[in-house]
Amino acid sequence: MELIVLSGGILVLPVFVFITSFLFWPGFLLKAYNWFWRRRLGLQVRYSRRGNYRFCYSSRGTPRGATPSLLLLHGFSASKDMWLPVVNHLPKDQHVVCVDMPGHEGTSRTGAEDYSIQGQVTRVHQFVQSVGLDKRPFHLVGTSMGGNVAGVYAARFPAQLSGVTLVCPAGLVYPTETEFIRRLRELENAPQPESIPLIPSTPQELEDMLKLCCYTPLKLHRQVMQGLLDNRIPNNDFYKEVFMEIVGEKSRHSLQDNLHLITSPVQVVWGTEDQVVDVSGAAVLEARLPNCHVTLLEQCGHSVALERPRKTATLIMDFLSAQEGGCENTKKLS
């Protein structure tokens, strides 16, 4: 009888912890979920240093054969874990590295000089050197802000890359502007902007941000939404500092200003329903980059890695294979 009671207690305890966390600490539960997902995917969280500066990253596998390593750069206010849905669909033996961008998550938080696009490129280059990715050409992937950084990185350090994938990249002059871009102009003229669409501080603002970034509505439980908000709010002052830096004059059109220096093969992936940076930017890249392959994803918004993770992984691996086989430039609508 005592054994049965003890066994029952052991079974009840995890359930009690889960329910309590879900009700009172949903942010903690989300972090635990990401930890579990990383473990399941074989990703290990590691740290590297450049002097006093610390980089946090997750990685799986080792460089192999002719296939280049993948370095994934996340977008504004995200973290290395935003790539988990994509890594889930990559080949298990593919060497992949996901790094927290400057100041984000586990990477050192310093000052504005590291948050401009050029500053981030410099720090990413230091990270590449610190983990030895520069020993052979690797493939660089970046989305949104990370796409801006990836493009400028390709312009500054072409010899290190076998190619680059830009997913809905920021940093261009877009022939068609979104309502979001027009709103940025208003914020720029405001002495102290009260609300920035990508930096929510209330449940309603978070819901609005998700609607802005995703074409397909996310049906998340109220407590999951609260957990996302709880994890973001302590970082909002930092996010505002980064945001004002990357939309400032020095960084706003960084990718556009460096297109003429990009010589690596470039893959562009863009959601046709992107409400953050308009899909017309894909035509700008195609016109300016001679070795450019464009894929437009219908019924997909700005958060391509979240909305279409399997397709994103497939496109990246197909592009790597095509580069190995010397594929010519094409454009397709999928």
Side-chain angles (χ1 to χ4, degrees), residues 38 41-75 78-84 86-87 90-108 110 114 117-167 169 255 258 261-267 291 305 312-313 315-317 319-324:
R38 286 195 302 266
L41 293 176
L43 286 165
Q44 290 188 314
V45 174
R46 296 182 169 93
Y47 298 90
S48 68
R49 292 187 177 274
R50 175 65 178 259
N52 293 326
Y53 196 89
R54 186 184 76 170
F55 299 97
C56 180
Y57 67 102
S58 60
S59 65
R60 182 180 73 186
T62 56
R64 62 180 180 89
T67 303
S69 301
L70 290 178
L71 174 59
L72 310 182
L73 307 182
H74 64 75
S79 75
K80 58 187 177 299
D81 290 335
M82 70 145 284
W83 293 109
L84 291 175
V86 175
V87 173
L90 291 173
K92 295 293 187 274
D93 59 349
Q94 172 62 49
H95 182 220
V96 58
V97 180
C98 311
V99 65
D100 285 327
M101 298 295 278
H104 290 72
E105 197 74 10
T107 292
S108 291
T110 51
D114 283 336
I117 296 302
Q118 290 289 353
Q120 293 193 59
V121 169
T122 297
R123 286 301 188 185
V124 171
H125 179 54
Q126 292 173 356
F127 169 73
V128 166
Q129 292 176 314
S130 72
V131 297
L133 273 176
D134 57 338
K135 293 179 180 178
R136 50 180 278 175
F138 65 92
H139 188 84
L140 184 60
V141 181
T143 184
S144 195
M145 177 191 78
N148 194 351
V149 173
V152 177
Y153 192 102
R156 284 180 54 183
F157 306 105
Q160 293 187 354
L161 301 181
S162 63
V164 59
T165 296
L166 306 178
V167 184
L255 179 53
N258 284 274
L261 298 174
I262 297 176
T263 56
S264 302
V266 176
Q267 176 186 43
N291 196 4
T312 302
L315 287 172
I316 292 171
M317 295 310 299
F319 186 71
L320 295 187
S321 298
Q323 293 310 304
E324 290 176 25

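Since the structure is predicted, the reported quantities are computational estimates derived from the model, not experimental observations.
The shortest non-hydrogen separation linking G151 to L255 is CA-CD1, 3.6 Å. What you find for S130 and S48 is that their closest heavy atoms are OG-OG, 2.9 Å. Closest non-hydrogen pair, V45 versus C56, comes out as CG1-SG, 3.8 Å. Residues L166 and A150 come closest through the heavy atom pair CD2-CB, 3.9 Å. T107 and F55 get closest at one heavy-atom pair: OG1-CA, 3.8 Å. A pairwise comparison of heavy atoms in R38 and S58 identifies CD-CB, 4.4 Å as the closest pair.
Under a 3.5 Å cut-off, the side chain of D100 and the backbone N or O of K80 do form a donor-acceptor pair.
At least one side-chain heavy atom of I316 sits less than 4.5 Å from a side-chain heavy atom of Q267. Between Q120 and P102 there is a side-chain heavy-atom pair separated by less than 4.5 Å. Side-chain atoms of V97 and F127, non-hydrogen and from C-beta on, do get closer than 4.5 Å to each other. With contacts defined as side-chain heavy-atom distances shorter than 4.5 Å, the pair F157/V128 does not qualify. Between P91 and M317, the closest side-chain pair of non-hydrogen atoms falls below 4.5 Å. You'll find the side chain of H104 reaches within 4.5 Å of the side chain of M145, heavy atoms only. Looking at heavy atoms from C-beta onward, M82 lies out of side-chain contact with L72 at the 4.5 angstrom threshold. Contact check for V96 versus L43: side-chain heavy atoms found under the 4.5 Å cut-off.
Distance OH/Y47 to OG/S108: 10.5 Å, rounded to 0.5 Å. Put simply, CH2 on W83 and CG on L90 are 10.0 Å apart, with the number rounded to the nearest 0.5 Å. Remark: T62 OG1 to Q94 CD distance equals 10.5 Å, nearest 0.5 Å. In this structure, SG on C98 lies 9.5 Å from NE2 on H74, to the nearest 0.5 angstrom. Atoms CZ and CG, from R60 and L41 in turn, are 6.0 Å apart once rounded to the nearest 0.5 Å. From S59, atom OG reaches atom CG of L71 across 11.0 Å, with rounding to the nearest 0.5 Å.
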- request: Evaluate the side-chain contact (heavy atoms from CB on, under 4.5 Å) criterion for residues N291 and V266: first the C-alpha distance (whole Å), next the side-chain angles of each, then the deciding distance (0.1 Å), finally the verdict.
  value: CA-CA 6 Å; N291 196 4; V266 176; over 6 Å; no

task: Evaluate the side-chain hydrogen bond (donor to acceptor under 3.5 Å, both in side chains) criterion for residues Q126 and R123: first the C-alpha distance (whole Å), next the side-chain angles of each, then the deciding distance (0.1 Å), finally the verdict.
output: CA-CA 5 Å; Q126 292 173 356; R123 286 301 188 185; 2.7 Å; yes

- request: Check the pair L161 / F138 against side-chain contact (heavy atoms from CB on, under 4.5 Å), numbers first and verdict last.
  value: CA-CA 5 Å; L161 301 181; F138 65 92; 3.4 Å; yes

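When the salt bridge (charged side-chain N to carboxylate O under 4.0 Å, His left out) test is applied to D93, the partners found at least two apart in sequence or on another chain are R64.
Identified under the side chain to side chain donor-acceptor pair (under 3.5 Å) test for residues 141-153, with sequence neighbours left out: H125-Y153, S144-H302, Y153-Q160.
The side chain to side chain donor-acceptor pair (under 3.5 Å) test with S69 singles out one residue from R136, H95, H139, and that residue is H95.
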